[in-house]
A.B. asks: 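One structure, pasted below without further comment.
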Protein chains: 2
Amino acid sequence: MLKQDNLSVTQDCHDCPIRHRAVCARCESDELGLLEDIKYYRRFEAGQTVIWSGDRMDFVGSVVSGIATLTQTMEDGRTQMVGLLLPSDFVGRPGRGTAAYDVVATTDMVMCCFRKAPFEDMMNRTPHIAQRLLEMTLDELDAAREWMLVLGRKTAREKIASLLSIIARRDATLNLGALDGPVSFDLPLTREAMADYLGLTLETVSRQVSALKKDQVITLEGKRHVTVPDMSRLLEEAGDDTDGGMLV
Amino acid sequence: MLKQDNLSVTQDCHDCPIRHRAVCARCESDELGLLEDIKYYRRFEAGQTVIWSGDRMDFVGSVVSGIATLTQTMEDGRTQMVGLLLPSDFVGRPGRGTAAYDVVATTDMVMCCFRKAPFEDMMNRTPHIAQRLLEMTLDELDAAREWMLVLGRKTAREKIASLLSIIARRDATLNLGALDGPVSFDLPLTREAMADYLGLTLETVSRQVSALKKDQVITLEGKRHVTVPDMSRLLEEAGDDTDGGMLV
DNA sequence: GTGCAGCTTTGATACAGATCAAGAACGAAT
DNA sequence: ATTCGTTCTTGATCTGTATCAAAGCTGCAC
């Protein structure tokens, strides 16, 4: 799961795996069909920096397949990931000319892009889409703020558990998986990327993952494939509200 | 500065101190004049929790005067502030029924409110306003993400310097102050509130403020009034990009 | 004034996580 | 199969910040 498709450039968006949150041609609205002629796909290789902070952004789009990270870097090299882009996530911001963060592909990825100016025109004519975008931005704001709690107040172990439960949840959403039985998924991030997300070092991440495994909160097959026998146990480890956390 | 006015409930919004970012009757658009009849002011006392996380939100509004914080709390009492509401900031979210965070007044404050449903109606009829709101939300998202870097990767001293420079900047914006000479402002937060914002303890905050004072990065009169003789020095302490940081 | 309560500072000590260092596991290229 | 380069794990030690504790400051109520 979460693996990349071989999407052809001519593929119609009806077949686009973007469904739930995406603003993408025809997936949610016929207005977007008007943009068909300015829609295109972009392909990026794993490890490639898709967008550099400060770049002119001439497009907006959605992730079709693959995974990317939004990161900020200080002059001395310290880096903090500020967001994770999974399939269906929106990239770019109407009304802004330049990128605020680096976008780095962590796997091969495909994005469904629109040239920015026509997209904005369409947005202005279509309150429905503008509202959708506001909603999505508010979701991201909530996610960022939840993450502030993780970064500011949680222990290393809680941080790892929080990250795992977020990935598990998103993976289930994307793949129509259930969250009541055991949950399995591939970690889309290296230990170092996890550390950058959590404000930790990669050594600490490794130790805490091992600890969670030893305490049977999770099982590992290889280094990347995780099974969570009991999600509520994991949420408890994350310090989240005991219930309700897995909804939405 | 940042002190509360004695705004009368009947005062017209032409005189409203909200100018720059606010979405407030007539300040930016005549469409908002239509809402005049559903506009009202709310007054809150220092220390009062204005909104509890999970509450039904039946209004949206702007802070007119005073300061409030957005905070998240874990079951065991650990708290993380996720935002600071200063005059001109927008409160509430169109399209959402319940509050996601506690809003706590840290000084006496006045808010300019609109009943939510009519405001949303108006928003739907007025793309211009919806766009303004999207822009504001994107600004907040950027602020939240910048704060993630502070929380995840900065040292205690850098955190304090970051907070001080943000407050200095916002204070200057609000009061048309300059940022090239020495800058003075009142800290609107207790040491404990600063700690909650920065993911530190109040003792560490106190120590680091003392250290910055000893190193003459700042001067203190009393415990709350700060003077920064050289903003670029402070920004350097914050670990920010040396220049440009004070713009916007 | 005196006393009290909330905020702040400062000191001593403990500990979680960083840092430094060495290897182990794994996959890809030869 | 061997080599190489990544990624990951584990160990030993160090350090920044938390924690625990006590006392100083400031303003308000009486």
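Order of the sequence lines sets the chain letters (A, B, ...), proteins ahead of strands, with each chain counted from 1.
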A.B. asks: Rounded off to whole Å, could you give me the CG-to-P distance for the B:Leu220 and C:dC7 pair?
C.D. replies: 18 Å
A.B. asks: Using a cut-off of 6.0 Å, state whether more than 12 heavy atoms not belonging to A:Gln48 lie near its atom CD.
C.D. replies: yes
A.B. asks: For residues 156-168 of chain A, dump all side-chain donor-acceptor pairs below 3.5 Å to protein atoms at least two apart in sequence or in another chain.
C.D. replies:
residue: A:Arg157; atom: NH1; partner: A:Glu237; partner atom: OE1; Å: 2.8
residue: A:Arg157; atom: NH1; partner: A:Glu237; partner atom: OE2; Å: 2.9
residue: A:Arg157; atom: NH2; partner: A:Asp215; partner atom: OD2; Å: 2.2
residue: A:Glu158; atom: OE1; partner: A:Thr155; partner atom: N; Å: 2.9
residue: A:Glu158; atom: OE1; partner: A:Thr155; partner atom: OG1; Å: 3.3
residue: A:Glu158; atom: OE1; partner: B:Arg78; partner atom: NH1; Å: 2.8
residue: A:Glu158; atom: OE1; partner: B:Arg78; partner atom: NH2; Å: 3.4
residue: A:Glu158; atom: OE2; partner: B:Arg78; partner atom: NH2; Å: 2.8
residue: A:Lys159; atom: NZ; partner: A:Leu198; partner atom: O; Å: 3.0
residue: A:Ser162; atom: OG; partner: A:Lys154; partner atom: NZ; Å: 3.1
residue: A:Ser162; atom: OG; partner: A:Glu158; partner atom: O; Å: 2.8
residue: A:Ser165; atom: OG; partner: A:Ala161; partner atom: O; Å: 3.0
residue: A:Ser165; atom: OG; partner: A:Ser162; partner atom: O; Å: 3.0

A.B. asks: Any base atoms under 4.0 Å from A:Leu200, or only sugar-phosphate, or nothing? Heavy atoms, all strands.
C.D. replies: sugar-phosphate
A.B. asks: Could you state the atom-to-atom distance from CZ of B:Arg224 to C1' of D:dG27 in whole Å?
C.D. replies: 13 Å
A.B. asks: Starting at CG of B:Leu198 and ending at C1' of D:dA18, how long is that distance when rounded to a whole Å?
C.D. replies: 15 Å
A.B. asks: Does A:Arg42 count as lying over the ring of A:Phe59, i.e. NZ or CZ under 6.0 Å from the six-ring centre, within 45 degrees of the axis?
C.D. replies: yes
A.B. asks: Give one of base, sugar-phosphate or nothing for A:Gly199, where a contact means two heavy atoms less than 4.0 Å apart.
C.D. replies: sugar-phosphate
A.B. asks: Write down the distance between CD (B:Glu192) and P (C:dC7), rounded to a whole number of angstrom.
C.D. replies: 8 Å
A.B. asks: If I take atom CG in residue A:Asp196 and atom C1' in nucleotide D:dT7, what distance separates them, rounded to the nearest angstrom?
C.D. replies: 14 Å
A.B. asks: Among D:dA18, C:dA18, C:dT8, which nucleotide has an atom closest to any side-chain atom of B:Ser206?
C.D. replies: C:dT8
A.B. asks: Taking only side-chain nitrogens and oxygens of B:Thr204, does any of them come within less than 4.0 Å of OP1 or OP2 of D:dA18?
C.D. replies: yes
A.B. asks: With the threshold set at 4.0 Å, does a side-chain nitrogen-carboxylate oxygen contact exist between B:Arg93 and A:Asp142?
C.D. replies: yes
A.B. asks: What does A:Arg157 touch in the nucleic acid at a heavy-atom separation under 4.0 angstrom: a base, only the sugar-phosphate, or nothing?
C.D. replies: nothing
A.B. asks: Rounded to the nearest angstrom, tell me the gap between atom CG in B:Leu212 and atom P in C:dT8.
C.D. replies: 16 Å
A.B. asks: Please determine, for the side chain of A:Arg207, which listed nucleotide (D:dT10, D:dT17, C:dT9) has the closest atom?
C.D. replies: D:dT10
A.B. asks: Report the nucleotide, chosen from C:dA18, D:dC8, C:dT8, that has the shortest atom-to-atom distance to any side-chain atom of A:Thr201.
C.D. replies: C:dA18
A.B. asks: Does a donor on one side chain sit under 3.5 Å from an acceptor on the other, for A:Ser184 and A:Thr227?
C.D. replies: yes
A.B. asks: Could you work out which one of D:dT9, C:dT10, D:dT17 sits closest to the side chain of B:Glu203?
C.D. replies: C:dT10
A.B. asks: Tell me which of A:Arg153 and A:Ser210 sits closer to the 5' end of DNA chain D, going by the nucleotide each one is nearest to.
C.D. replies: A:Ser210
A.B. asks: Between atom NZ in A:Lys154 and atom P in D:dA18, what is the gap in whole Å?
C.D. replies: 18 Å
A.B. asks: Side chain of A:Arg191 only, heavy atoms from C-beta on: which candidate in C:dT19, D:dT26, D:dC8 is closest?
C.D. replies: D:dC8
A.B. asks: Within the 4.0 Å heavy-atom criterion, would you say B:Thr190 contacts the bases, only the backbone, or no part of the nucleic acid?
C.D. replies: sugar-phosphate
A.B. asks: Between A:Leu202 (CG) and C:dA22 (C1'), how many Å, whole number?
C.D. replies: 14 Å
